[in-house]
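Below: one structure, written as structure tokens.
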Amino acid sequence: MIKTLAKSIREYKLPSLLAPVFVTLEVIMEVLLPFLMASLIDDGVNKGNMEHIWKTGLLLAGVAFAALVFGALSGKFAARASAGFAKNLRSDLFNKIQDYSFANIDKFSSSSLITRLTTDITNIQNAYQMIIRVAVRAPFMMIFAMVMSFNVNAQLSMVFIAFIPFIAIALGLVIRFAHPVFSRVFRTYDKLNNIVQENLHGIRVVKSFVREDHEIEKFGKVSGEVYSDFSKAEKIVAFNMPVMQISVYGCILVIAWIASHQIVGGTMTTGELISMMTYVFQILMSLMFLSMIMVMVALSKASGDRVAEVLNETVDLKNNEKALKEVKDGSIVFNYVSFSYSKDMEKLCLKDINLKIASGETIGIIGGTGSSKSSLVQLIPRLYDATEGTVYVGGEDVRDYDVEVIRDSVAMVLQKNVLFSGTIKENLRWGDPDASDQDIERVCRLAQAEDFILRMPDKYDSYIEQGGANVSGGQRQRLCIARALLKKPKILILDDSTSAVDTKTDKLIRKAFLEEIPDTTKIIIAQRISSVEEADKIIVMDKGRINAVGTHEQLLESNKIYKEVYYSQQKGSEENG
């Protein structure tokens, strides 16, 4: 885990090294202060030596100022190093996620990935800052203060040694019991984020079904789990403070008792007592800081494991060493293809698919819910890899293409149409960043989107809210079709993407496709037979298999499933008419 995360330090190695260097110098200055103070009292004040008082006093001021400067510099470099490390780590994590296949993303869930990109990295950042500053300061302070205290009075310094095992055992027990609870807390955070994400994404459904109370109850239950786990962890960590207080005050009492006898006996001076008490606080405060670091490390280790898990995840879709850089045409062949999302041959959602599609053909796909229509087309741009068999595009195995090349040659308009916040032009240029205004207007005419765009206040510069919240479902679908057309793809896949438009507009879109992009292979998944009846071939899917392939007339004559769907829709149309 540490090796994986350390790769993200990169250009912040120098600040990461300078921070502990300046911390060490700060500690040396602070440890010298009690020693100089003892000399000021014993050799200056008690003996009335003004020259010594002036010299030592100026030296004290200089050392104190140096400690201040070194402390400020250590804080500056620690902040820069930790913030930079977190920035790099966040970028590395996000970039890794961009390379994930759908299967990789399905493994973690989007809410869990968001938690890791935010909460977990913040925990790692805080821990890193403490490690390169406080974790250096505390042990050095303890060691230097211990050396100086032994130099002042070896007998009194032995008191520290007696308390260290007690503190170490107590801290070890705290960390051992707290770490599993912190690990569980972050898994619960994932659930909490998932509920919030679902609620905000489906807020219209929640309100239309008046399910606010149910959502509040669901959120409250998971929020209560977070509270319960954090409370349990804090109760364990809370033992840290009384242990430290017992140690601090116990040391002070024992040292004060021994020192009082030594002062009375004349073997110890007042200045030495003051310096010893200061060293007591420095040593015990160092131990307290160490305990805080241990708790922080226990918390951040859980976060570090989660982030490292994402960074170390093996992306299951990789380019070959000699990946093909060009797709010849839009021909498609499925050769004995089977597919399972879980890679389990006992849980196949596509079985023994054999299919040939010529470049430029228009293919319709129909089938009931769960017949794996969408799963079939997602294998073409290699969003998933076939579990068994081979998918060919342009005469080549899709696994032999560069992933970006094959996906750039295939335009998909999915069931869940997504628009991003920005203008209409900015959204459409996802298809082609260099598209001219004329290109944008042309594809909008093809997608039958021009009319409603021209009615908007700023036309093509009109602002689209996140997710396309300020346009209708049909308008959103037409904009997504226009965006796909801008790619000038060799294969265009419409996955039930005209379901929200009327039949007249649907027909106009298909007519424009036929006339304007005749060389593009068009695959149309639809529930309405009217959307696919003019296709060159229609594929009937049933339970993950191809039930039949043919033209509208052929299937209407020979296929039971197709006939049932056609006549039920005809009957529905007559009743509605």
Side-chain angles (χ1 to χ4, degrees), residues 7 91-108 110 113 310-341 343 350 353 355-361 363 374-414 418 420 427-435 439 443 480-495 517 519-523:
K7 293 176 183 177
S91 296
D92 292 345
L93 198 62
F94 188 79
N95 293 340
K96 180 75 174 187
I97 293 168
Q98 299 309 301
D99 291 334
Y100 274 9
S101 67
F102 282 11
N104 294 123
I105 293 173
D106 292 342
K107 176 181 176 179
F108 289 101
S110 57
L113 291 172
V310 176
L311 291 172
N312 291 329
E313 174 72 6
T314 301
V315 180
D316 62 355
L317 298 184
K318 293 182 178 180
N319 286 331
N320 291 331
E321 290 182 7
K322 297 180 180 179
L324 300 173
K325 299 295 183 180
E326 184 182 357
V327 178
K328 184 175 69 174
D329 57 43
S331 62
I332 304 166
V333 175
F334 284 81
N335 186 33
Y336 294 101
V337 171
S338 296
F339 173 68
S340 168
Y341 286 99
K343 306 298 182 185
L350 287 172
I353 302 295
L355 180 66
K356 290 185 178 180
I357 300 171
S359 182
E361 276 192 316
I363 304 297
S374 297
S375 300
L376 178 73
V377 297
Q378 286 179 15
L379 299 180
I380 297 170
R382 209 184 169 201
L383 298 179
Y384 293 93
D385 271 341
T387 306
E388 192 175 72
T390 309
V391 179
Y392 297 91
V393 171
E396 302 288 347
D397 187 337
V398 291
R399 289 170 292 198
D400 291 336
Y401 285 110
D402 181 274
V403 173
E404 289 188 13
V405 169
I406 183 64
R407 290 179 183 172
D408 202 41
S409 300
V410 180
M412 291 190 72
V413 185
L414 301 172
V418 176
F420 298 86
N427 267 280
L428 295 181
R429 284 195 171 110
W430 275 63
D432 180 4
D434 301 319
D439 290 333
V443 295
C480 290
I481 291 171
R483 181 175 62 190
L485 290 173
L486 265 183
K487 289 182 72 175
K488 301 180 180 66
K490 288 185 169 61
I491 300 169
L492 175 64
I493 300 171
L494 305 178
D495 188 353
I517 50 172
D519 296 329
T520 297
T521 304
K522 297 164 283 290
I523 300 176

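Keep in mind that the numbers below use all heavy atoms, side chains included, and drop hydrogens, waters and symmetry copies. This chain uses plain numbering: 1 for the first residue, then up along the sequence.
- Val327 is listed as a side-chain neighbour of Ile406, based on a closest heavy-atom distance under 4.5 Å.
- The distance from atom CD1 of Ile491 to atom OG of Ser331, rounded to the nearest 0.5 Å, is 7.5 Å.
- The nearest pair of heavy atoms linking Ala482 to Leu428 is CB-CD2, 4.0 Å.
- Side-chain N or O atoms of Thr520 include one that pairs as donor or acceptor with a backbone N or O of Pro489 at under 3.5 Å.
- Counting only distance, with no hydrogens or angles, the side chain of Lys490 and the backbone of Ser359 share no donor-acceptor pair below 3.5 Å.
- With hydrogens and angles ignored, the 3.5 Å screen pairs a side-chain donor or acceptor of Arg429 with a backbone N or O of Ala435.
- Inter-residue side-chain proximity for Met412 and Gln378 is flagged as met; some heavy-atom pair is nearer than 4.5 Å.
- Considering CG of Asp432 and NZ of Lys488, their distance stands at 5.0 Å, rounded to 0.5 Å.
- Formation of a donor-acceptor pair under 3.5 Å by the Asn427 side chain with backbone atoms of Phe420 is found in this model.
- Annotation for Val398 and Leu379: closest pair CG2-O, 4.3 Å, computed over non-hydrogen atoms.
- Judged by distance alone, with hydrogens and angles left aside, the side-chain atoms of Ser338 form no donor-acceptor pair with the main-chain N or O of Glu388 at under 3.5 Å.
- Under the side-chain contact (heavy atoms from CB on, under 4.5 Å) rule, Leu376 has a single partner from Leu350, Val337, Asp495, which is Leu350.
- A donor-acceptor distance shorter than 3.5 angstrom exists from the side chain of Lys487 to the backbone of Val410, with no hydrogens or angles considered.
- Put simply, CG on Leu311 and CG on Asn95 are 10.0 Å apart, with the number rounded to the nearest 0.5 Å.
- Of the possible donor and acceptor atoms, none in the side chain of Asp408 sits under 3.5 Å from a partner among the backbone N and O of Glu404.
- When side chains are defined from C-beta on, Ile332 does not count as touching Leu355, because their heavy atoms never get closer than 4.5 Å.
- Between the CG atom in Asp400 and the OG1 atom in Thr390 there is a gap of 9.0 Å [rounded to 0.5 Å].
- In this structure, Asp402 and Lys325 approach most closely via the heavy-atom pair OD2-NZ, 3.1 Å.
- Checked by atom type and distance alone, the side chain of Tyr401 never pairs as donor or acceptor with a backbone atom of Arg382 at under 3.5 Å.
- Between Tyr341 and Tyr384, the ring planes lie perpendicular to each other; the angle is over 60°, past the 30° to 60° tilted range.
- Leu494 places none of its side-chain heavy atoms less than 4.5 Å from the side chain of Lys522.
- Using a 4.5 Å heavy-atom cutoff, the side chains of Ile357 and Ile523 are in contact.
- Two residues are said to be in side-chain contact when any heavy atoms from C-beta on lie closer than 4.5 Å; Arg483 and Val413 fail this criterion.
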